[in-house]
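Before any comments, here is the structure.
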Amino acid sequence: MANRVTRRQFMTRSGLALGGVVIAPQVLAACGGDDESGGGSDASAKGVYFENWPEYIDTAEDGSVDGPGTTLANFTKQTGIPIKYTETYNDNNEYFAKIQPLLSAGKPIGPNVIAPTYWMVARLIDLGWVEKLPFDKIPNSKNLVPNLVKPPSDPTGEYSLPWQAGTTGIAYNLKATGGKELTSVADLWDPALKGKVSMLTEMRDTIGLIAMSEGVDISTANTIEEYQPAFDTLKEQVDNGQIRQFTGNEYVGPLEDGSLAACFAWSGDVLGMENPDIRYVVPDSGGTLWFDAMVIPKGAANTGDVAEWMNFVYDPVNAAQITAAVQFISPVQGVQEQLRKMGGEDAALADNPLLFPDDATKARLHTFANLSDDQEAKFDEEFSKISGA
């Protein structure tokens, strides 16, 4: 997403610069040299080339993604397949603009697996720019969690497998709300909270939560007309000063110190907070479920090797190792049990409702419907006018 980088906090946690690259040096030659994505991958070379978001996989003690005991190292050790891993997927639209000239010309982009956010996956599928997955070589795909089987972004389930997921709901500071528990979007419009509420700069999350509170089924509604009441509500609350600002994850500090009472928030951010007064709730009317998904770009080489990779990370043991590090919702069944077996802090994660929502919460989670390019432009224009984002 446009704000995916701030959501994942990689800059605040690591100080990495945008565009930083982490590559397994020993496999560069085998995976087509050290060129960045942009075509020219060596179709004869064996291996996986995975271009992913920053800090989205486990690392060794020295911080390397391919050190001893890491998922990447274990994959190569077990399968004999080299893997090149880069972290230059910083923004969906930016990345799309980079690969569009190549894919539209029928040329490979370099990486043979990438992990766009679900709505970008839908766009790539509609354009015919991703390959069908060779599921006969991915038997562990049977471990996909039920609520992500055949999502709106991939209604036949033939082109993608989720990498990691998260939810968007309401976070609030119990002291700053005067001890009042919040359970609905309408609670944020309480005059007592005026000027102490923030929204997210991610349009689908902010408009999605408001629209659901007004009875819209965001999993099917896909026109600006259906969402106009939600935009009108947002504008009203901005104009009357109820909403203080729109943010990425920079709401974290103000929420913890109480200068911000409540906000729309990402579950992964709240998971990292240590203030006992912070609460997170999926509203009664519903929260959004987002996810990034692995796809094979059209014309990519070595799709069999990519299938081996997907099969590897869909093994609950390997998926649990990734979950323990990145602390997002795993799309793989059996991870919770594996975390318990790992013991210590990892075992404690198995009981965290932000990583493992109960059935009642899952029933309130919905994914934003696919938008046509024309509707996408209308949504973005309307949201930008209100938010300034």
Nearest-0.5 Å distance, OH of residue Y159 to CG of residue D126: 10.0 Å
Near E61 CD, under 6.0 Å, is it more than 12 heavy atoms from other residues, nucleotides or ligands? no
Taking atom types as modelled, is there a side-chain donor on Y172 or D277 under 3.5 Å from an acceptor on the other? no
Could you check whether atom NZ of K77 has more than 12 heavy atoms from other residues, nucleotides or ligands sitting under 6.0 Å from it? no
On a heavy-atom basis, which atom in G67 and which in A73 lie closest, and how many Å separate them? O-CB, 3.3 Å
Working note: K362 + D358, criterion salt bridge (Lys or Arg N to Asp or Glu O under 4.0 Å); need CA distance, chi angles, decisive distance, verdict. CA-CA 6 Å; K362 288 178 183 177; D358 59 25; over 6 Å; no
Any donor and acceptor pair, going by atom type alone, linking the side chain of N112 with main-chain N or O of Y49 inside 3.5 Å? yes
Student check: side-chain heavy atoms of P254 and R244 closer than 4.5 Å: yes
Ring centres under 6.0 Å, that's the criterion: do Y314 and W309 meet it? no
Is the backbone N or O of V295 less than 3.5 Å from a side-chain atom of S160, with the two atoms forming a donor-acceptor pair by type? no
For the residue pair Y56 and F328, categorise the inter-ring angle as parallel (less than 30°), tilted (30 to 60°) or perpendicular (more than 60°). perpendicular
Kindly check if the number of other-residue, nucleotide or ligand heavy atoms within 6.0 Å of CD (E345) is above 12? no
Donor-acceptor check, side chain of N318 to backbone of F312, threshold 3.5 angstrom: yes or no? yes
Residue pair E382, K385: steps toward the salt bridge (Lys or Arg N to Asp or Glu O under 4.0 Å) verdict: CA-CA 5 Å; E382 187 71 10; K385 284 193 300 184; 3.3 Å; yes
Donor-acceptor contact present, side-chain N370 to main-chain P152, <3.5 Å: yes
Could you grab the distance from atom CG of D269 to atom CD of E256, nearest 0.5 Å is fine? 10.0 Å
Less than 4.5 Å apart, any side-chain heavy atom of T71 and any of V313? yes
Taking atom SG of C263 and atom CG of L188, what is their separation to the nearest 0.5 Å? 8.0 Å
Less than 4.0 angstrom from a charged side-chain N to a carboxylate O is my criterion; do K341 and D346 meet it? no
In terms of side-chain geometry, is the basic nitrogen of D154 or K150 positioned less than 4.0 Å from the acidic oxygen of its partner? no
Quick check: do N311 and K137 have side-chain heavy atoms less than 4.5 Å from each other? no
Could you tell me which non-hydrogen atom of A115 sits nearest to which non-hydrogen atom of W53, and how far apart they are? O-NE1, 2.9 Å
Pairing donors with acceptors under 3.5 angstrom, does anything connect the side chains of Y95 and E51? yes
Table please: side-chain donor-acceptor pairs of residues 329-339 below 3.5 Å, with sequence neighbours left out.
from, atom 1, to, atom 2, distance (Å)
S330, OG, V332, N, 3.1
Q333, NE2, L144, O, 3.1
Q336, NE2, A350, O, 2.6

When hydrophobic residues are tied together by side-chain contacts of less than 4.5 Å, even through go-betweens, does L355 share a cluster with V317? no
Please identify which of these residues, L133, V48, N140, meets the side chain to side chain contact (heavy atoms under 4.5 Å, CB included) condition with M310. L133
Are the side chain of T59 and the backbone of V65 linked by a donor-acceptor contact shorter than 3.5 Å? no
Backbone N or O of F379 within a donor-acceptor pair of the Y227 side chain at under 3.5 Å? no
Does any part of the side chain of D91, heavy atoms only, come nearer than 4.5 Å to the side chain of F96, both counted from C-beta? no
Given side chains that start at C-beta, do those of P283 and T183 come closer than 4.5 Å, heavy atoms only? no
Side chains of D374 and S372 only: does a donor on one sit below 3.5 Å from an acceptor on the other? no
Is the backbone N or O of F75 less than 3.5 Å from a side-chain atom of T79, with the two atoms forming a donor-acceptor pair by type? yes
Please determine, by modelled atom types, if T223 and Q375 share a side-chain donor-acceptor pair under 3.5 angstrom. no
Counting N and O atoms only, with roles assigned by atom type, does the side chain of Q164 sit under 3.5 Å from a partner on the main chain of D292, one being a donor and the other an acceptor? no
Kindly give the heavy-atom pair with the smallest separation between P108 and G299, and that separation in Å. CB-O, 3.7 Å
Check for me whether R204 meets the cation-pi criterion with W290, that is, NZ or CZ under 6.0 Å from the six-membered ring centre and within 45 degrees of the ring axis. no
Using a 4.5 Å cut-off on heavy atoms from C-beta on, say whether the side chain of Y118 contacts that of F368. yes
Between T247 (side chain only) and E250 (backbone N and O only), is there a donor and an acceptor less than 3.5 Å apart? no
Give a yes or no answer on whether the side chain of R279 reaches the backbone of N173 with a donor-acceptor pair at less than 3.5 Å. no
Side-chain contact, heavy-atom cut-off 4.5 Å: L209 with M212? yes
Pairwise side-chain contact, L234 with I243, heavy-atom cut-off 4.5 Å (strictly under): yes
Can you tell me which residue among D205, N249, T288, T167 is in a side-chain hydrogen bond (donor to acceptor under 3.5 Å, both in side chains) with W266? D205
Distance-only polar pair, side chains of E236 and N240, donor-acceptor under 3.5 Å: no
